[in-house]
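Everything on this sheet refers to the single structure shown next.
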Amino acid sequence: RESWPAQTERTPLFSLALEGCVLCPTGLGAEGEEMSRMVQQMGGKWSDDFLHSVTHLLARQPSQSAKYEVAISRGVPVVFPAWVKTQWDS
């Protein structure tokens with residue numbers, strides 16, 4: 001059974017556009033904090049670890065990272081920050 005880190009503060013909801021989605025970041029750098037906040041405010045979950053429950057890998061670009069390779073092998077969609085921002089704006 002997977003465990004989620006305890007949330008230290010509540011995140012206000014902006015929309016439910018990403019409800020049911022679990023995004024895992026790779027190679028985002030400083031942009032990761034903003035993406036995490038946006039995902040959670042749209043009802044999604046954020047996991048720094050590539051758990052079995054991850055539904056989307058969030059990457060700055062295609063890469064050779066271990067997370068990217070696992071996502072491809074499992075058929076997990078790879079999305080980019082622009083996709084999150086599009087969900088936010090819609």
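Throughout, numbering of the chain's residues begins at 1 and tracks the sequence.
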Practice item. Drop me the distance from Met42's CE to Ser90's OG, to the nearest 0.5 angstrom. Key: 8.0 Å
Practice item. Find the distance between OG (Ser47) and CG (Leu58) and round it off to the nearest 0.5 Å. Key: 12.5 Å
Can I get a per-line list of side-chain donor-acceptor pairs under 3.5 Å for residues 28-36, giving both atom names and the distance, sequence neighbours left out?
from, atom 1, to, atom 2, distance (Å)
Glu31, OE1, Arg60, NH2, 2.9
Ser36, OG, Gln40, NE2, 2.8

Practice item. List the steps and the verdict of side chain to side chain contact (heavy atoms under 4.5 Å, CB included) for Leu23 and Val84. Key: CA-CA 10 Å; Leu23 279 78; Val84 174; 4.1 Å; yes
Check your understanding: Can you tell me how far the CG atom of Leu57 sits from the OG atom of Ser65, to the nearest 0.5 Å?
Key -> 6.5 Å
Exercise for review: Would you check if the side chain of Lys67 reaches a backbone N or O of Pro25 as a donor-acceptor pair within less than 3.5 Å?
Suggested key: yes
Check your understanding: Which residue pairs satisfy the ring pair (Phe, Tyr, Trp, His ring centres under 6.0 Å) criterion with at least one member in residues 63-90, sequence neighbours excluded?
Key -> Phe14-Trp88, His56-Trp83
Exercise for review: Test side chain to side chain contact (heavy atoms under 4.5 Å, CB included) on Gln41 and Leu13 and set out the steps.
Suggested key: CA-CA 4 Å; Gln41 287 183 335; Leu13 285 178; 5.8 Å; no
Review point. Considering all heavy atoms of both residues, which atom of Ser15 and which atom of Ala17 are nearest to each other, and what is their separation?
Key: OG-N, 3.3 Å
**Study point:** Sequence-distant partners of Arg74, side chain to side chain contact (heavy atoms under 4.5 Å, CB included), two or more places apart
**Key:** Phe50, His52, Val70, Val76
Check your understanding: Minimum heavy-atom separation for Val78 to Ala59, with atom names?
Key -> CG1-CB, 4.1 Å
